[in-house]
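Keep in mind that the numbers below use all heavy atoms, side chains included, and drop hydrogens, waters and symmetry copies. Chain identifiers are assigned alphabetically (A, B, ...) following the order of the sequence lines, protein sequences preceding nucleic acid strands; residue numbering begins at 1 within each chain.
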Number of protein chains: 2
Amino acid sequence: MALRNHVEWALYCCVVLATLPPGQYVSTKALAAFYGLPKDYLHKALQRLSKAELVETAPGPMGGYRLAKASGAITTLDIVEAIGASDSLYRPTSIHSRLPFLRDDNVSEGSAIDRLMYAAERQWRRSLHSVTLQELAQSYERDFDADGWQKNVSDIRERRWLET
Amino acid sequence: MALRNHVEWALYCCVVLATLPPGQYVSTKALAAFYGLPKDYLHKALQRLSKAELVETAPGPMGGYRLAKASGAITTLDIVEAIGASDSLYRPTSIHSRLPFLRDDNVSEGSAIDRLMYAAERQWRRSLHSVTLQELAQSYERDFDADGWQKNVSDIRERRWLET
DNA sequence: GAGAGACTACTCGGATACAGTCTGTCCGAGTAAATCCGG
DNA sequence: CCGGATTTACTCGGACAGACTGTATCCGAGTAGTCTCTC
C-alpha cells in the first residue's frame with residue numbers, strides 16, 4: 001500500500017482528534033511528541049487530511065488540527081483514501097490491450113484479471129467504509145486501562161508531555 | 001502492494017497454463033514473447049510460483065512450466081500470495097506498544113487500528129480466495145472473440161509468435 | 001543401424017545496476033495569539 | 001490602563017537527500033532432448 005506509515009499514523013492521530021473535546025485544536029508537534037513520530041513527516045500526513053477536508057486547521061499559537069465533521073460522519077476509509085491519494089492497490093499495466101482477438105466492447109473496461117483484482121479491492125474498501133472514526137476511537141479506548149486513554153489525551157491537550 | 005507487476009503477470013501466465021492441454025509445458029520465453037514482457041524478469045515471477053508448488057518445471061528443450069494441480073484446485077489468492085511472499089498490505093509500526101496505560105492483555109495482539117486494517121485485508125483475501133484459476137480462465141476467455149483466446153494459446157504452444 | 005559425444009534449448013539461482021517511491025529533514029512564508037512597551 | 005508594535009507558536013508548501021524496494025538485465029551452472037558422427 002502506498003505511504004504505509006502515513007496511513008497508520010493518520011488513523012492514530014484521528015483517534016486522538018475524535019477523543020478531544022469538540023472544537024479544541026491540537027498541534028502537529030503535540031501529536032508527534034506523544035506518539036514519538038518525526039514531526040515534519042507526520043505533518044505531511046495531516047496536511048493530506050486537511051486537503052481532503054476531514055480536519056480543519058488554525059494557524060498561530062493555540063492553533064493546530066481538529067475534526068471538520070463529527071467523528072461518526074467520518075469513515076476509516078475516508079482517512080485511508082485521504083492519505084493514499086487515488087492510489088489503487090492494483091495498478092494494471094497494458095498487457096491486456098495489446099493482445100489480438102480482443103472483443104472491442106471489452107477493451108476499455110479491463111480484462112477479467114483486472115476485474116478480479118478490483119473486486120477484491122472493493123471488498124477491502126467496503127470493510128473500511130463500514131467502520132466510522134467514532135467506532136474506531138471507542139474500540140481503541142478499550143485497549144487501555146480504565147480512563148487510561150482519556151488520561152493520555154488530556155496529557156496531549158495540556159502539553160504535559162513536554163515537561164519530561 | 002508488493003511486486004505489483006509480478007502479481008499481474010503471474011495471473012496472466014497462469015491463465016495460459018490453465019488453458020493448455022493437460023501435461024503440456026510452456027517456456028518462459030514463449031510467455032514473455034506473447035505478452036511482450038521482459039523474459040528474465042518474468043522468469044523470477046514464475047520461479048516464485050514454482051517455489052509455492054503451484055506449477056511444475058521441466059528443464060531441457062520442450063521444457064518449461066505447467067500447473068502442478070488442476071486449475072479448479074488453485075485459487076487466485078494462492079497465486080497472489082505466492083508472488084507477494086508473506087507481505088501484508090498493512091505493516092504496523094511500533095507506535096502502539098510504546099504508549100502508557102495499555103492493558104497488558106492487549107499489547108501483543110495489536111491495537112484496534114491494527115485489527116481494523118487486518119480485518120479489511122481479510123476481506124480482500126477472502127474475495128481472491130473465492131475465485132479459482134479455472135473460473136478466472138473461463139472468465140478471461142470471454143474477453144476475446146469466439147475461439148480468439150484458444151487461438152492465442154495454440155499460437156503460444158506452437159511457438160508461432162517467433163516467426164514474425 | 002546403433003551408440004557415444006556434441007549441441008541446443010530450456011530451468012535455476014545469484015550478482016548487479018537503475019529507477020521510482022517511501023521516509024525523513026530543512027527552510028522560508030504566512031497567520032494569529034500573546035507579550036511588551038510607550039503614552 | 002490602552003493601543004500599537006514585536007515576539008512567539010503554529011500552519012503551509014516546496015525543495016531536497018537518503019534508504020528501500022521494485023524493475024530489469026546479465027551470466028554461469030545444470031539438465032534433458034536432439035543431432036551428428038563414427039564404427
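The distance between atom NE2 of B:H6 and atom P of D:dT21, rounded to the nearest whole Å, is 16 Å. In this structure, the CZ atom of B:R4 is 8 Å from the P atom of C:dT21, given to the nearest Å. In this structure, B:L42 atom CG and C:dG13 atom P are separated by 16 Å, rounded to whole Å. Here C:dA34 presents its P atom at 14 Å from OH of A:Y25, a figure rounded to the nearest Å. When rounded to the nearest whole Å, the span between OH of B:Y41 and P of C:dG13 equals 17 Å. Rounded to whole Å, the distance from CD on B:Q24 to C1' on C:dC10 is 15 Å. Taking atom CZ of residue B:R48 and atom P of nucleotide C:dG13, one finds them 13 Å apart after rounding to whole Å. Atom CD1 in A:I83 sits roughly 14 Å away from atom C1' in C:dT23 (whole-Å rounding).
Among the nucleotides C:dC22, D:dG22, D:dT8, the one closest to any side-chain atom of A:P61 is D:dT8.
The two atoms that bring A:A82 and A:L54 nearest to each other are CB-CD1, 3.8 Å, heavy atoms only. Of all heavy-atom pairs between B:G110 and B:R115, the closest is O-NH1, 3.2 Å. Residues A:D145 and B:R103 approach most closely at N-CG, 3.6 Å, considering heavy atoms.
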- [ ] Spell out protein contact along nucleotides 11-16 of chain D as letters: B when the base is contacted, S when just the sugar-phosphate is, - when no protein heavy atom is under 4.0 Å; keep the 5' to 3' order.
- [x] SBBBB-

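Residue B:K51 places its NZ atom among 12 or fewer non-hydrogen atoms of other residues, nucleotides or ligands, all under 6.0 Å distant. Residue A:Q24 places its CD atom among more than 12 non-hydrogen atoms of other residues, nucleotides or ligands, all under 6.0 Å distant.
Residues in residues 30-42 of chain B take part in no side-chain hydrogen bond (donor to acceptor under 3.5 Å, both in side chains) pair, two or more places apart or across chains.
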